[in-house]
Amino acid sequence: MTFTQVYNKLLKHYGHQDWWPAKTSFEVMVGAILTQNTAWTNVERAIARLESRACLTPQAILDAPLSELTECLKPSGYFNLKAQRLRNYCQWYINAGELPCLSCIDTDALRKQLLMVNGIGPETADAILLYAFERPVFVIDAYTRRIFSRLKLLAGDAPYEVLQDQFETGLQTDVAVFNEYHALIVCHAKDACKKCPGCIDCCLSYICPSCKR
DNA sequence: TACCAGGAGAAAA
DNA sequence: TTTTCTCATGGT
């Protein structure tokens, strides 16, 4: 099976996902940081708290007392860590001139800048690049490693950039496809057999070796 | 009760 | 250089 064939099967099975679930590009950025090792439902609560306190702008996040910021972030877990990471990101974002200036920067250069912000790793940087800046970069997450190593399309333990390169060369360079594909992978992973975390359901013609479903 | 969730960075080996 | 530990809440 090829990357394109998997994509087509997932799309046919689950339909369009309409990602990223956010009202603004800055909200996408905030969500990308808050979702680190955290279920999205908890991130939604934290974002709602930020919004209710008018803290959903970069300057408001920097101006808010740390205690208020951590209080907003509590539902998403790691609140002390994420408060600092969010502030680091907002400081960089404002200094860099925000969306109008950053939109003019080459994707590779922008990615390097993002990775220099403490708290922004490869996956978070790529989620921001793809879903907020609409750049054609493929997001590799734990689900992608698990599913595609089981399909024997990837080596699950390979470095992040190696896997990303394999995806990007195996697909047409298309922001819309990269956007949809990652969303479908997450959707599929959540839908997979609950008794056997990580197994792949029948829509990919794979029988879980543990549960024999 | 235990485990997992849309990771990243620091510390230890 | 690679592996392990820490951060933390909420749902199942």
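Just so you know, these numbers use all the heavy atoms, side chains as well, and skip hydrogens, waters and symmetry mates.
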Can you tell me how far P of dG7(B) sits from CE of M29(A), to the nearest Å? 19 Å
Starting at NZ of K190(A) and ending at P of dT12(C), how long is that distance when rounded to a whole Å? 12 Å
d(CD1, I140(A); C1', dA8(B)) in whole Å: 17 Å
Between dG11(C) (P) and E44(A) (CD): distance, integer Å: 12 Å
So do N88(A) and W92(A) actually touch side chain to side chain, heavy atoms under 4.5 Å? no
Between N37(A) and dA8(B), is there a side-chain N or O to OP1/OP2 distance below 4.0 Å? no
Just the rounded figure in Å: distance from P of dT9(C) to CD of Q36(A). 17 Å
Sole residue of R85(A), E123(A), K82(A) in side chain to side chain donor-acceptor pair (under 3.5 Å) with Q36(A): R85(A)
Do R49(A) and E68(A) meet the salt-bridge criterion of a basic N to acidic O distance under 4.0 Å? no
Quantified in whole Å, what is the P atom distance between nucleotide dA11(B) and nucleotide dA8(C)? 16 Å
Looking for any heavy atom pair under 4.0 Å, which part of the strands does R45(A) touch: base, sugar-phosphate only, or nothing? sugar-phosphate
Separation of dG9(B) atom P from L81(A) atom CG, nearest Å, is 9 Å
Between F79(A) (CZ) and dT9(C) (C1'), how many Å, whole number? 8 Å
With P as the reference atom in both, quote the distance from dC5(C) to dC3(B) in angstrom, rounded to an integer. 15 Å
Which is it for Q84(A) and N80(A) under the side-chain hydrogen bond (donor to acceptor under 3.5 Å, both in side chains) test, yes or no, and what are the steps along the way? CA-CA 7 Å; Q84(A) 190 54 57; N80(A) 290 317; over 6 Å; no
Taking only the side-chain nitrogens and oxygens of T38(A), find out if one of them lies under 4.0 Å from OP1 or OP2 of dG10(C). no
Over all strands shown, is I33(A) touching base, sugar-phosphate only, or nothing at heavy-atom distances under 4.0 angstrom? nothing
Please check the phosphate of dA5(B) (OP1 and OP2 only) for any side-chain N or O of R146(A) closer than 4.0 Å. yes
R85(A) side-chain proximity, nearest of dA5(B), dG9(B), dA8(C): dG9(B)
Closest to the side chain of N118(A), out of dG7(B), dG9(B), dA5(B), is dG9(B)
Mind checking whether Y78(A) and L73(A) have side chains closer than 4.5 Å, heavy atoms only? no
Spacing between E161(A) atom CD and dA8(B) atom P, to the nearest angstrom: 11 Å
Quick check: on DNA chain B, is the nucleotide nearest T41(A) upstream (toward 5') of the one nearest G119(A), or the reverse? Name the residue that is more 5'. T41(A)
